[in-house]
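Encoded as structure tokens, the structure appears first; notes follow it.
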Amino acid sequence: MKNSVMRMGNITVVGLKAISRNKLRSILTMLGIVIGVGCVIAVVAIGNGATKSVEATINSLGTNFIMIFPGAATQSGARIFTGQSTLTAEDADGMKAEAPAVAYVSPMVRSAAQIVSGELNWGTSIQGVSTDYPLIRSWNVSQGDFFTDTDVKAAAKVAVLGNTVVDNLFPNGDAVGQIIRIKNVPFKVVGVLEKKGGNMMGQDQDDTVIAPYTTVMKRLAGKTKIDMIQVSAVSGSQVQEAQNEIEAYLRQRHRIQPGQDSDFMMRSQEEIAQTQAQSMGILRTLLLSIAAISLLVGGIGIMNIMLVSVTERTREIGIRMAIGAKGRHVLMQFLFEAVTLAIVGGLIGVAIGVAASLGVGHFLKWPIVVTPASVALSFGVAAFVGIFFGFYPARKASRLDPIDALRYE
Amino acid sequence: MPGRVIQISELTKIYKMGEVEVRALDGVDLSVDEGEFLAVMGPSGSGKSTLMNIIGCLDRPTAGTYQLDDVDVSKLDRDERAVIRNAKIGFVFQSFNLLARTSAIENVELPMLYGELGWSRDKRHAAARESLRRVGLAGREDHYPSQLSGGQQQRVAIARALVTNPAILLADEPTGNLDSRTSEEIMGIFQRLNDDGKTVVLITHEPDIAQYAKRIVHMRDGQIQHDEVGKQKRPVAMVMK
Ligand SMILES: Nc1ncnc2c1ncn2[C@@H]1O[C@H](COP(=O)(O)OP(=O)(O)OP(=O)(O)O)[C@@H](O)[C@H]1O
Ligand SMILES: [Mg+2]
């Protein structure tokens with residue numbers, strides 16, 4: 001037993017020497033495995049990070065969140081939108097009374113403009129909402145106050161600023177109480193929102209100005225219809241109920257006959273999450289296929305080099321056999337070389353994969369999760385590739401006839 | 001009374017090339033005792049290498065028996081022959097056959113890597129060092145084959161053949177790639193090893209080289225023509241001390 005362990009150790013030494021004698025070629029051979037393993041690590045890390053990030057932003061939408069868009073939904077869930085919006089502020093106003101499972105409702109009117117404050121100006125999006133908006137999005141003010149229902153009724157020229165806008169227009173802080181001009185209309189800043197961060201598309205949610213929807217419709221956008229209604233259900237378990245109630249209410253208000261398609265569509269927080277998860281899944285499958293293909297190519301590369309190596313070293317194999325190497329010894333030597341190439345390639349791949357994921361994570365501001373399981377997995381896969389693709393050349397070497405091998409030029 | 005190392009009788013090797021049969025060995029009887037120094041001579045194609053491949057357990061005879069150290073090795077399989085080669089036979093080839101980019105001492109250690117005895121690293125090292133010393137290469141342990149002359153490379157090969165203390169040294173044209181002065185040195189080494197009791201079987205077609213052996217066997221067409229005990233020639237100057 002001790003002897004066979006020692007002999008295995010010897011074969012390890014033999015294999016390592018052969019690899020270090022051919023450094024450049026060994027490195028080139030590893031490249032496919034490096035890329036394959038790097039891909040696996042990066043895909044898993046970035047994928048996990050993206051999932052977390054998506055989860056976080058979907059949760060940041062607020063609780064029990066439902067969005068209602070104008071335009072009918074097709075079978076596939078895509079939205080048909082024919083210019084004019086079908087939703088009005090009055091649709092939103094009556095909703096709470098008609099749909100008991102709905103807790104909060106806010107219309108949303110969007111516009112974009114250059115905001116001016118003294119010398120400074122900043123281009124951003126303007127969202128017109130009601131006072132329910134902070135409750136729906138669980139998004140409070142950190143300074144000052146949100147505007148009031150009175151402000152909404154009066155279409156008052158008041159605004160609440162996102163953090164990014166404050167940073168750009170009021171570098172010294174102290175935005176509350178100041179006057180900003182939006183499309184030449186002066187607005188009084190009444191509050192500043194808490195920092196919210198990027199959303200799943202990587203957009204900065206803090207780069208926004210929020211004002212009463214009435215004001216935005218009349219003074220900024222010149223719209224009579226609204227772009228969206230945002231709703232929060234009473235509880236998580238009542239999201240479906242709320243959707244049903246809203247459906248019935250809006251169909252009745254819009255006088256849609258039974259059997260006819262609705263002229264609006266709804267998306268709950270959960271549905272958004274599912275759609276996101278689906279596209280993440282597609283992306284992940286795609287990247288994993290790339291990884292699988294590079295591992296395959298890497299394996300074929302190893303097989304190719306090992307076959308070349310066996311042919312080149314036919315003489316050496318003959319010598320080793322003449323002095324007492326059994327077929328098994330030669331097989332193990334070449335197999336060990338192939339596996340070592342694959343594993344060292346795997347190691348480099350892990351390093352590069354981790355570095356790449358950290359880089360991507362830094363760039364996209366995603367949390368990067370490199371799990372030990374993914375490292376172990378790619379390592380195992382690399383070793384398997386080495387054994388699988390190294391076996392044929394190694395067996396070929398081990399079956400050479402010593403006399404022929406010794407005579408080989 | 002010296003023991004019998006090689007006992008061969010009625011040995012036949014037939015190569016089939018399609019329809020044609022080549023009788024490379026045609027009923028060879030040969031016995032070699034411990035401590036002998038035998039040279040096998042003969043023209044090209046007479047079957048010398050074929051005989052050596054069988055004696056060296058690289059190949060199996062078509063018919064006949066071969067006993068090495070009282071063990072019948074003519075019917076062993078591949079792996080069993082590998083074990084015999086490792087333990088009982090030390091090969092020296094015409095083209096040295098050292099591993100390139102592998103130091104002299106690592107080349108000499110090679111047979112011990114495949115041995116049935118689990119040699120420790122230190123024991124391997126010590127044995128290889130001692131073996132190199134015996135062929136006059138002390139101090140050259142870390143040289144690579146490319147840094148050694150032909151004669152020195154052949155000495156490394158002899159050291160490698162010796163290191164497991166085999167029953168016979170088998171040399172096929174060991175001086176075929178060397179000039180006459182170096183050939184003489186190499187033959188001197190074989191003689192010294194033989195003086196120390198090692199059995200040596202040498203294959204050559206150069207009568208000059210065969211003179212260094214104690215006994216000369218002449219082959220022709222796969223058969224032994226005659227078997228003579230010569231008066232052993234000694235190198236003019238023993239280069240090794
Ligand atoms: N693998 C083989 N297949 C077919 N014929 C072979 C094979 N090996 C040797 N022979 C034939 O067997 C005969 C003896 O060959 P061998 O190599 O033993 O000669 P040799 O005495 O060593 O010659 P040389 O002095 O040229 O080395 C030759 O006719 C050769 O052609
Ligand atoms: Mg020959």
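All chains are named by letter (A, B, ...) in the order of the sequence lines, taking the proteins before the strands, and each is independently numbered beginning at 1.
Here the closest non-hydrogen pair linking A:Gly324 and B:Tyr114 is O-CB, 3.7 Å. Minimum interatomic distance between A:Lys326 and B:Asp79 (heavy atoms only, all atoms of both residues): CB-OD1, 3.7 Å. For B:Arg78 against A:Pro402, the heavy-atom pair with the smallest separation is NH1-CD, 4.4 Å. Minimum heavy-atom separation, B:Leu98 to A:Ile319: O-CD1, 4.1 Å. The shortest non-hydrogen separation linking A:Ala325 to B:Ala82 is O-CB, 3.9 Å.
B:Arg81 does not touch chain A: none of its heavy atoms, backbone or side chain, sits under 4.5 Å away. There is no contact between B:Glu109 and chain A, counting heavy-atom distances below 4.5 Å. B:Ala100 touches chain A through its backbone: at least one of N, CA, C or O sits under 4.5 Å from a heavy atom, while the side chain does not.
Counting heavy atoms from C-beta on, the side chains of B:Leu99 and A:Arg320 come closer than 4.5 Å.
Atom CG of B:Asp221 has 12 or fewer heavy atoms from other residues, nucleotides or ligands within 6.0 Å. Around the CZ atom of A:Arg399, the shell of radius 6.0 Å holds no more than 12 heavy atoms that belong to other residues, nucleotides or ligands.
Expressed to the nearest 0.5 Å, how far CD1 of A:Ile323 lies from CG of B:Leu113 amounts to 8.0 Å. To the nearest 0.5 angstrom, B:Leu58 atom CG is 8.5 Å from A:Asp401 atom CG. The CZ atom of A:Arg407 sits 11.5 Å away from atom CZ of B:Phe93, with the distance rounded to the nearest 0.5 Å.
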